Amino acid sequence: MKEYLISAFKSAAQKLDYLNSIEFVFDIPKLEAHGDLSSNAAMLLTKKLRKSPRTTAEEIISALHLDPAVVYKAEIAGPGFMNFFFTPSYIAGKIKDVLQESVNYGRSNKYAGKKANVEFVSANPTGPLTVGHGRNAVVGDTIANLLEWIGYEVDREYYFNNAGRQMRVLGDSVKLRYLELLGHEIEFPSDYYQGEYIKEIAQTLIDEFGDKIIDDPPDGIFKERAEKLIFQDIEKTLSSLNIKHKIFYNENTLYEEKKIDLLLDIFKQRELSYEKDGAVWLKLSMLGNQQDKVIVKSTGEPTYRLPDIAYHITKFDRGYDLMVDLFGSDHNATYPDVLAGLKALGYDAVRVKVLIHQFVTIMENGEAVKMSTRKANYITLDQLISEVGSDVVRYFFNMRNIASHMNFDLSLAKKHSEENPVFYLQYGHARICSILRMIEGENLKLSVDDLHLLTSDEEQQLIKKIIQFKEEALFSAEGFETNRICTYLEELAAAFHRFYTFCRIIGSEKKLAEARIALATAAKIVLKNGMSILGVHAPERM
RNA sequence: GCGCCCGUAGCUCAAUAGGAUAGAGCAUCAGCCUUCUAAGCUGAGGGUUAGUGGUUCGAAUCCACUCGGGCGUACCA
């Protein structure tokens with residue numbers, strides 16, 4: 001529908017030159033009385049033309065040449081809106097596109113040929129993934145899906161660090177538990193990893209080596225074993241959400257390939273860094289940030305900034321047109337440094353899109369549970385998945401804007417999981433499948449010959465909702481907003497359930513019934529395609 | 001103190017680049033199953049969009065300040 005108006009406006013612009021100065025944007029009015037699509041173009045031109053918007057609107061409409069078989073009414077309303085009303089048979093005809101494109105309906109090729117990298121999760125292997133990581137994991141994977149949907153070739157990437165302080169503490173923690181299990185008196189420091197899983201890892205070492213490794217250093221077999229087992233656990237958790245990263249990028253690679261040294265040299269050569277108090281500082285204040293920051297500590301060890309910048313340079317080198325970084329709000333102070341560093345070196349930092357999601361507050365019995373991997377005070381993502389299922393977890397995390405702090409009441413989620421909107425969508429899909437199974441016995445089949453019979457309110461609204469899908473997907477992807485897909489699908493499912501209640505298929509006159517089968521099939525296609533973006537199953541029966 | 005994010009119905013959240021009368025779900029109340037799945041549908045109540053000012057034809061949306069909450073503010077990541 002929009003395409004039709006846009007091309008009509010374009011040809012009108014040949015006569016009315018001022019139309020070239022604006023973008024053709026059409027909104028779907030909230031009220032049906034305001035038509036199917038509406039434009040505020042005349043109002044935007046008020047100042048420029050020094051004419052009343054209603055006069056301008058009249059001028060535009062008379063220049064449009066609209067086919068009455070497509071748009072049966074174009075009116076001016078309110079302060080100067082132009083409202084367009086499409087004929088029911090034109091709208092119904094759009095069902096054919098959906099059926100034809102089927103599993104690909106809603107995809108676009110706007111970004112075909114472009115490569116994107118989505119970096120998400122990126123938790124260091126110090127413990128199991130928590131519910132907090134769940135939001136990151138689900139949203140990251142869904143954004144990757146969305147980008148694929150609009151034409152990008154997408155690599156999902158996981159960046160991790162198995163060196164550094166956190167991991168040293170991990171090795172120390174395992175070694176201590178190992179000694180404890182062998183019967184030694186130990187004192188377990190409060191800033192070591194407290195979780196049970198540390199003991200389990202230590203136990204696997206005892207099972208395998210007994211006390212033979214008692215003199216090995218903590219950062220040898222102890223750390224290595226912990227890393228290996230924890231990573232296996234993380235990958236298992238992710239795969240139960242159907243998430244699979246293509247690339248695991250180890251920070252170590254940056255050292256091994258001398259990229260850190262090289263970067264340090266470049267900063268020095270370009271006089272972007274200096275030494276002070278035995279440390280190396282990056283001149284971030286010169287690059288528009290608040291203050292200079294240390295990139296190499298006086299101990300000789302780099303801070304995270306240096307490898308992070310080097311890491312992003314590898315992404316540029318690997319040829320990505322778009323690089324998405326998704327992390328929690330606890331990282332919100334780190335990325336400006338990295339971006340400033342990249343910019344200073346001449347990289348096009350706008351290709352890096354940093355997304356910050358707010359934290360998940362877990363409520364239990366009306367109280368917020370503070371989470372810390374170190375303190376072992378957390379609810380694992382595994383626990384959550386086994387309690388409510390992967391579909392609910394994925395839907396739940398996707399349905400909120402990442403900027404909003406979300407409360408997750410565990411007890412409520414368990415209790416009301418059957419009332420979750422995800423079931424509403426799935427039920428819609430299952431209902432359609434059920435009808436389609438049934439029609440064979442009724443001597444009915446899908447037909448697009450008489451779509452013009454679909455004129456009722458319920459039918460028209462369902463069709464209109466269906467054909468919004470492509471634009472919704474594009475919009476969601478460009479804005480990195482997974483929650484828009486959820487909102488859209490809930491509206492679509494509602495439109496279908498209403499149609500289902502009022503428009504019977506079996507028992508209606510044959511031509512009408514077969515047109516309705518076409519419509520129901522189109523609804524099924526879009527429901528399923530939308531759910532596949534979210535990573536939620538579309539069951540055939542419930 | 002400073003920086004980023006947030007504040008919308010009792011609760012959880014929407015609101016399609018500033019548009020017309022702010023919408024859903026849950027919860028509450030009243031209805032609808034001898035016909036394709038009632039995990040559904042219809043209807044009702046529920047709002048000074050935290051507050052105050054500003055920008056303009058028009059503000060939940062943009063700007064300023066105030067209040068309240070989250071996360072940061074390291075030679076941790």
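Labels below follow one simple rule: chain letters A, B, ... track the order of the sequence lines, proteins then strands, and each chain is numbered from 1. Because the structure is a prediction, the values reported are computed rather than measured.
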Counting side-chain heavy atoms from CB outward, which of [options] is closest to [X]?
{"X": "A/His331", "options": "B/A14, B/A77, B/A20", "value": "B/A77"}
{"X": "A/Asn401", "options": "B/U37, B/A14, B/C36", "value": "B/A14"}
{"X": "A/Tyr427", "options": "B/A20, B/U37, B/C57", "value": "B/U37"}
{"X": "A/Ile28", "options": "B/A20, B/A77, B/U16", "value": "B/U16"}
{"X": "A/Val294", "options": "B/G40, B/A20, B/C75", "value": "B/C75"}

Measure from NZ or CZ of A/Lys2 to the centre of the six-membered ring of A/Phe26 and say whether it is under 6.0 Å with the direction within 45° of the ring axis. no
Just checking [X]: base, sugar-phosphate only, or nothing, at a heavy-atom cut-off of under 4.0 Å?
{"X": "A/Ala520", "result": "nothing"}
{"X": "A/Thr46", "result": "nothing"}
{"X": "A/Asp277", "result": "base"}
{"X": "A/Ala279", "result": "base"}
{"X": "A/Asn40", "result": "base"}
{"X": "A/Asp292", "result": "nothing"}
{"X": "A/Met542", "result": "base"}
{"X": "A/Leu31", "result": "base"}

By nearest-nucleotide position on RNA chain B, the 5'-leaning member of A/Gln358 and A/Ala494 is A/Gln358
More 5' along RNA chain B: A/Glu251 or A/Pro79, using each one's nearest nucleotide? A/Pro79
Tell me which nucleotide, if any, is Watson-Crick or G-U wobble paired with [N] when both distances must be under 3.5 Å.
{"N": "B/G7", "result": "B/C67"}
{"N": "B/G72", "result": "B/C2"}
{"N": "B/G19", "result": "B/C57"}
{"N": "B/G31", "result": "B/C41"}
{"N": "B/U48", "result": "none"}

Among residues 495-504 of chain A, which contact RNA chain B at a heavy-atom distance under 4.0 Å? A/His497, A/Arg498, A/Tyr500, A/Thr501, A/Phe502, A/Cys503, A/Arg504
Which of residues 473-491 of chain A sit near RNA chain B, with a heavy atom under 4.0 Å from it? A/Phe475, A/Arg484, A/Thr487
Please give, in whole Å, the distance from [N] [atom2] to [X] [atom1]?
{"X": "A/Gln166", "N": "B/C76", "atom1": "CD", "atom2": "C1'", "value": "8 Å"}
{"X": "A/Phe423", "N": "B/G40", "atom1": "CZ", "atom2": "P", "value": "11 Å"}
{"X": "A/Leu492", "N": "B/G40", "atom1": "CG", "atom2": "P", "value": "15 Å"}

Measure centre to centre between the rings of [X] and [Y], then say whether the value is under 6.0 Å.
{"X": "A/Phe496", "Y": "A/His429", "answer": "no"}
{"X": "A/Tyr488", "Y": "A/Phe469", "answer": "yes"}
{"X": "A/Tyr159", "Y": "A/Tyr311", "answer": "yes"}
{"X": "A/Tyr4", "Y": "A/Phe84", "answer": "no"}

Atom pair NZ/CD of A/Lys465 and A/Glu472 - distance to nearest 0.5 Å: 7.0 Å
Flag as yes if A/Phe359 stacks onto the base of B/G70 (centroids under 5.5 Å, planes under 30°), otherwise no. no
According to a cutoff of under 5.5 Å between the ring centres and under 30° between the ring planes, does A/His34 stack with the base of B/A20? yes
Do A/Asn332 side-chain and B/C5 base share a donor-acceptor contact under 3.5 Å? no
On a plain distance test, is the side chain of A/Ser38 in donor-acceptor contact with the base of B/A20 below 3.5 Å? yes
What integer number of Å spans the [atom1] atoms of [N] and [M]?
{"N": "B/A64", "M": "B/C5", "atom1": "P", "answer": "11 Å"}
{"N": "B/C4", "M": "B/U42", "atom1": "P", "answer": "44 Å"}
{"N": "B/G51", "M": "B/C6", "atom1": "C1'", "answer": "16 Å"}
{"N": "B/A38", "M": "B/C33", "atom1": "C1'", "answer": "7 Å"}

CA sep, side-chain torsions, deciding dist, call: A/Ser508, A/Arg516, side-chain contact (heavy atoms from CB on, under 4.5 Å): CA-CA 9 Å; A/Ser508 293; A/Arg516 283 177 173 170; 3.2 Å; yes
Anti or syn - B/A30, cut at 90° from 0: anti
So, is B/C33 syn or anti if syn means the angle is within 90° of 0? syn
Go through the side-chain N and O atoms of A/Asp292 and A/Ser285 and say whether any donor and acceptor fall under 3.5 Å apart. yes
Can a side-chain donor-acceptor contact be found between A/His34 and A/Asn83 if the only test is distance below 3.5 angstrom? no
Partner set under side chain to side chain donor-acceptor pair (under 3.5 Å) for A/Glu275, not counting sequence neighbours: none
Where do A/Asp450 and A/Leu512 land on the side-chain contact (heavy atoms from CB on, under 4.5 Å) test, with the steps shown first? CA-CA 7 Å; A/Asp450 297 291; A/Leu512 177 60; over 6 Å; no
Under 4.0 Å between a side-chain N or O of A/Arg516 and OP1 or OP2 of B/C36? no
Is there a side-chain contact between A/Lys297 and the phosphate of B/C76, meaning an N or O under 4.0 Å from OP1 or OP2? yes
Show your reasoning for whether side-chain contact (heavy atoms from CB on, under 4.5 Å) applies to A/Phe248 and A/Phe160. CA-CA 7 Å; A/Phe248 283 82; A/Phe160 72 101; 4.1 Å; yes
